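Working notes, beginning with the structure itself.
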Protein chains: 2
Amino acid sequence: MRQGEYELLWGGQARPGRGRPPGLSRERIVAEAVAIADAGGLAKVSMKHLAERLGSGVMSLYRHVPGKDELVVLMYDSLMAGPLPMPESDHWREVLRGWGLGIRELFLAHPWALNVATSDRSMGPNEATWVDGVIGRLAAVGLPVDLGLLAVLTVDCFAMGGVWPEIGGAESGEAFFRFLGDPAARERFPHLARVADPAFTPDAPLENHFEFGLERILDGLERRIEAKD
Amino acid sequence: MRQGEYELLWGGQARPGRGRPPGLSRERIVAEAVAIADAGGLAKVSMKHLAERLGSGVMSLYRHVPGKDELVVLMYDSLMAGPLPMPESDHWREVLRGWGLGIRELFLAHPWALNVATSDRSMGPNEATWVDGVIGRLAAVGLPVDLGLLAVLTVDCFAMGGVWPEIGGAESGEAFFRFLGDPAARERFPHLARVADPAFTPDAPLENHFEFGLERILDGLERRIEAKD
DNA sequence: CAACTTTGCGTATGAAGTACGCTAATTAGC
DNA sequence: GCTAATTAGCGTACTTCATACGCAAAGTTG
């Protein structure tokens with residue numbers, strides 16, 4: 001993690017009335033950067049490109065954001081500025097399922113965020129609000145906080161890893177298993193070949209692995225919770 | 001994914017006898033790059049630095065590797081050149097647990113690999129060998145291939161996400177939850193505060209979340225497998 | 001209106017990846 | 001052996017980025 005990242009995320013932005021009023025704002029910069037990344041990936045977010053989009057000079061950005069790495073962290077935390085993904089249900093299982101599916105949607109909508117999430121960083125205020133929120137909700141419907149913390153972490157971790165094969169859509173999935181197009185490869189990897197087997201997939205398609213994994217995790221948690229009773 | 005990445009990973013390296021014999025080799029370049037990344041992170045791997053370490057000119061590297069992005073993909077696949085993490089046991093649960101813990105060890109030993117793993121890429125031959133190997137092993141001990149494929153994918157996904165909080169060691173973990181040092185933050189996020197509660201953590205420390213999550217997944221799979229019988 | 005404060009931003013610097021083309025080293029064929 | 005073909009090594013130059021620095025612009029306070 002970069003030095004200063006913590007202050008950046010958690011430090012207050014005291015804004016004295018004196019001096020020239022800002023034309024730019026951190027919020028606008030971050031929002032525009034997110035829009036660029038959503039459209040073309042993190043690689044498309046350069047200070048130059050960003051400044052052009054905002055109609056400002058490149059160096060003006062540095063009055064509002066310490067540097068690019070810090071900007072990326074702010075971008076990530078800004079994704080969780082809205083309300084938590086939280087179903088109405090009063091059952092812990094539904095709450096956790098909704099949470100997991102919500103995280104998945106987040107990453108599917110902002111594929112670049114996965115690489116940020118899995119980098120070395122500190123938790124931002126919005127993310128903290130989300131996580132604290134689910135744990136609290138789980139506690140409210142009867143799941144002890146300790147267990148809730150671990151359960152949320154488990155679902156979170158799975159969701160981060162689990163969306164990865166889904167990111168990029170169909171073309172990407174094909175690229176990942178592209179080598180299975182070669183008969184020699186299918187012979188070399190007979191079990192993996194199942195993925196590419198046309199006689200198998202359409203008739204009895206593999207379950208979606210994300211939903212499969214999530215349900216397995218919920219099942220596993222259920223066993224643990226029942227055992228505690 | 002970059003164009004040409006597929007050919008890079010899966011294409012043969014026909015080496016005709018004619019011409020000047022190579023002093024460098026792809027293997028040596030990749031191995032040295034991995035060593036640099038292990039020691040100082042991916043950011044330390046620059047073509048210049050790498051060439052210096054190998055005692056060659058910068059542009060010589062491009063005779064063996066198309067570019068830096070491709071080099072990183074080769075680095076990642078090279079991590080799985082060795083034998084699979086595979087316990088002796090004949091029970092699917094032990095096999096899967098060993099697999100999950102093995103993946104975890106891999107990422108802990110090579111923290112930079114997590115960001116590569118979660119990027120858009122194609123599967124390399126070594127990785128394919130590993131994955132095909134576990135599925136085959138699971139099939140050999142009685143788990144149907146379809147279920148094995150999903151199970152491995154689930155454990156894999158969880159492992160990728162699950163090692164993330166562990167990467168970087170204690171200092172990093174503290175940095176991630178650093179905001180909890182502020183009493184105001186602990187009041188704002190009462191449930192998360194539990195993580196930083198000294199009266200709670202030492203006496204009854206939270207279970208390791210990786211092992212917790214892995215066991216929950218295995219429990220969930222067990223329920224599913226028993227239901228099928 | 002003068003002193004002060006804060007923002008906007010042009011210029012310059014340095015690091016990184018890599019296209020191009022020349023040179024060196026080796027083999028294949030005569 | 002000699003020559004042509006082939007392949008590797010690599011210096012130079014160019015591009016793209018992030019960003020340090022310093023000054024000008026636009027406000028506020030007294």
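Being a predicted model, the structure only gives us computed values, none of them experimental. When reading the values below, keep in mind they use all heavy atoms of this one structure, side chains included, and skip hydrogens, waters and symmetry mates.
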Which part of the nucleic acid does A:S46 contact within heavy-atom distance under 4.0 Å: base, sugar-phosphate only, or nothing?
sugar-phosphate
Under 4.0 Å between a side-chain N or O of A:H49 and OP1 or OP2 of D:dC17?
no
Does C:dC9 have its OP1 or OP2 closer than 4.0 Å to a side-chain nitrogen or oxygen of A:S60?
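Yes.
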Looking at B:H64, B:R28, B:R63, which hits side chain to side chain contact (heavy atoms under 4.5 Å, CB included) with B:P22?
B:H64
Without decimals, in angstroms, what is the distance between [X] [atom1] and [N] [atom2]?
X: A:M59; N: C:dT6; atom1: CE; atom2: C1'; value: 16 Å
X: A:H64; N: D:dT19; atom1: NE2; atom2: P; value: 16 Å
X: B:M47; N: C:dA19; atom1: CE; atom2: C1'; value: 13 Å
X: B:L61; N: C:dA19; atom1: CG; atom2: C1'; value: 15 Å
X: A:K68; N: C:dA15; atom1: NZ; atom2: P; value: 19 Å
X: B:K48; N: C:dG14; atom1: NZ; atom2: P; value: 13 Å
X: A:E70; N: D:dT19; atom1: CD; atom2: C1'; value: 12 Å
X: A:L54; N: C:dG8; atom1: CG; atom2: P; value: 11 Å

State whether the side chain of A:R188 and the backbone N or O of B:A128 hold a donor-acceptor pair below 3.5 Å, judged by distance alone.
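A pair under 3.5 Å: no.
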State whether the side chain of A:H209 and the backbone N or O of A:G162 hold a donor-acceptor pair below 3.5 Å, judged by distance alone.
yes
Answer yes or no on whether B:R216 is positioned over the face of B:F212, meaning its NZ or CZ is under 6.0 Å from the six-membered ring centre and within 45° of the axis.
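Verdict for B:F212: a cation-pi partner in B:R216.
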Minimum heavy-atom distance between A:V45 and A:A33, given as atom pair plus value
CG2-O, 3.7 Å
Quick test of your reading of the model: are B:R104 and B:E211 salt-bridged, counting only N-O distances below 4.0 Å?
yes
Under 3.5 Å between N/O atoms: give me all the protein pairs with nucleotides 25-30 of chain C, atom names plus distance.
none

Tell me which of A:Y62 and B:G55 sits closer to the 5' end of DNA chain D, going by the nucleotide each one is nearest to.
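First, find each residue's nearest nucleotide; the 5'-ward one identifies B:G55.
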Looking only at side chains, do A:D120 and B:W164 share a donor and an acceptor under 3.5 Å apart?
no
